[in-house]
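Reading through the structure tokens given below for one structure.
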Amino acid sequence: MFSKKEIIIPYTVVVCTGCQMTQKREFVSGDVLFAESKCSCGKTARIEKIFGEAVQS
Amino acid sequence: MDFTNFDIEEFFGLGDDTNPLMMLIWIVPIIIFVFYGQRIQLYITSGEIKKGIKKLEAYRNESREDLISHVKGINPSSDPEEKIDRFLDYFTIMPVDVDPGGIIGKIRHTIRSREDYTRQHISSMIPEITPLELGKVQTLLEIASSLQMLYKVVNHMYLTAKKQNNYPLILPLQMLLPTVLEHADAMKAAIPAFRAGQPVGDGIGPMVIGRMMLECTKETVSFETVLARTEFEGRQLVLVKARGPESTVGRPADALEVLTADCSIDVIIMVDASLKMEGEDSATIAHGFGAAIGGIGTERFQIEEIATRKKIPVFSIIVRQSIKEAITLMTRDIADQADDVRKRIQEMILENTKEGQTVLAIGVGNTSGVSQ
């Protein structure tokens, strides 16, 4: 009666190989581990982790 | 009311002044339970089992609908519903094991024929499908057909017990149902992760090895399996994993066969996810000996056979997790262990090899969402 539903939210962690800035954002379709993109510092940023976190609704 | 003169013998009809009505109240249930006890137990138990079967039926239908909507989303050549339904009913007959000699080769052949057929079947349904989508559809098809099989077997056992009023037949079902439902829950929960191409808990091995491969040149070594060569502290390091980010486990045993034909391997280190026991913490790391690889056993047999023939020691590093964690979106705790696992591999290499030796590190598991 009072049980809450658990929802898993997928997150992607992107780390810049230059400035080491770490950004945690919601997963978007097409994200795969170690895919590279451009960081605002000009160096390469890489997806280091993709994981799910449970939230109660 | 006065309870001080309550007589227990009189109440149960055991005294001299026996009440025939009280005697009947005692005797009738005993007679009923002697003759109809099993049937009553069958009715009580069947209520619980019916709930479980309804859940399995819902999972089967939902997984089928998910699969159909996913296939429809990638432009099939015709309406895929009929073909998918036909495929969900396909079965695999395991080889005769009365004479077990050579049975592993037969099982491998049967399983690989089924996998090849599934791939061809999907490709004919969606002619322009990419390898990434092919892997996803193949995995979703396996999940849907497994859920269909679970539902069919449980329902068959239940209906047979009910038809024959056979209580002992329903007992194993009652005992197994919680485990069956746990596996079915996990499979149902796995669908969104595989549809989205996200890494699952089982992908921790490929994740660690894929990370180590990043700066190296990759080559295909066996079907859906890649290899990279690098150096670590004066040792030759050969890294093997399934080719990501497709949803596949590759063929690491075939890769080992190819490699050992070419060069000498001094140590094999296998990294895999492993089912934790109840009471054990999730995402903990453990070391051990022997080939850490799941599945039906054919890959493990092949690896053990080569390792024994070539006298190569096999070490394993496992990350413990539940069945649900292994096939659903990777949890943060498991993902956070990747760096630690890499350090453990390096420690293991330093402890068990000398400079100039060759080490093979295999990342075992489904590599969905994990590139290299």
Side-chain angles (χ1 to χ4, degrees), chain A, chain B residues 73 130 132-133 135-136 185 189-201 203-216 218 228 241 243-247 282-283 321 324-325 327-339 342 363 365-372:
Chain A
M1 188 180 165
F2 300 107
S3 67
K4 289 178 178 176
K5 204 181 168 192
E6 196 182 75
I7 299 171
I8 308 289
I9 299 180
Y11 289 102
T12 299
V13 175
V14 187
V15 180
C16 174
T17 53
C19 66
Q20 299 299 316
M21 192 180 76
T22 304
Q23 185 204 354
K24 181 184 163 187
R25 58 166 169 80
E26 273 201 28
F27 174 89
V28 289
S29 179
D31 280 354
V32 291
L33 277 175
F34 315 127
E36 291 178 343
S37 56
K38 209 81 177 159
C39 178
S40 53
C41 73
K43 293 276 169 66
T44 307
R46 185 183 291 144
I47 295 178
E48 291 287 346
K49 284 173 194 169
I50 296 172
F51 56 80
E53 277 183 350
V55 288
Q56 307 277 330
S57 71
Chain B
T130 61
L132 184 70
E133 281 299 334
K136 282 185 197 177
D185 273 333
I191 292 171
F194 284 113
R195 275 189 82 170
Q198 294 161 343
V200 293
I204 184 71
M207 179 178 169
V208 173
I209 300 298
R211 179 80 178 75
M212 293 167 82
M213 280 184 175
L214 280 179
E215 312 302 332
C216 314
K218 271 80 71 176
K241 77 180 272 288
R243 186 191 63 208
E246 294 98 302
S247 170
S282 192
Q321 45 199 280
K324 193 167 184 178
E325 286 169 330
I327 60 171
T328 56
L329 175 58
M330 190 179 280
T331 63
R332 185 173 196 157
D333 289 344
I334 295 170
D336 285 345
Q337 290 291 11
D339 287 339
R342 193 169 66 245
N366 190 303
T367 193
S368 169
V370 186
S371 64
Q372 55 277 323

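By convention in this document, chain letters (A, B, ...) are assigned in the order of the sequence lines, proteins followed by strands, and residues within each chain are numbered from 1. Side chains included, hydrogens not; waters and symmetry mates left out as well; all remaining heavy atoms used.
Residues Asp336(B) and Lys49(A) are in side-chain contact: their nearest non-hydrogen atoms beyond the backbone lie under 4.5 Å apart. Between Phe34(A) and Met207(B), the closest side-chain pair of non-hydrogen atoms falls below 4.5 Å.
Taking CD1 of Ile8(A) as the start and CD of Gln198(B) as the end, the distance is 10.5 Å to the nearest 0.5 Å. The line from CG of Leu329(B) to CD1 of Ile9(A) is 11.0 Å long, rounded to the nearest 0.5 Å.
Other residues, nucleotides and ligands contribute only 12 or fewer heavy atoms inside 6.0 Å of the NZ atom of Lys43(A).
Contacts of Ile50(A) with chain B are made by both backbone and side-chain atoms, with heavy-atom separations under 4.5 Å. Proximity to chain B (any heavy atom under 4.5 Å) is restricted, for Phe27(A), to the side chain, taken from C-beta onward.
Residues Ser371(B) and Ala35(A) approach most closely at OG-N, 4.4 Å, considering heavy atoms.
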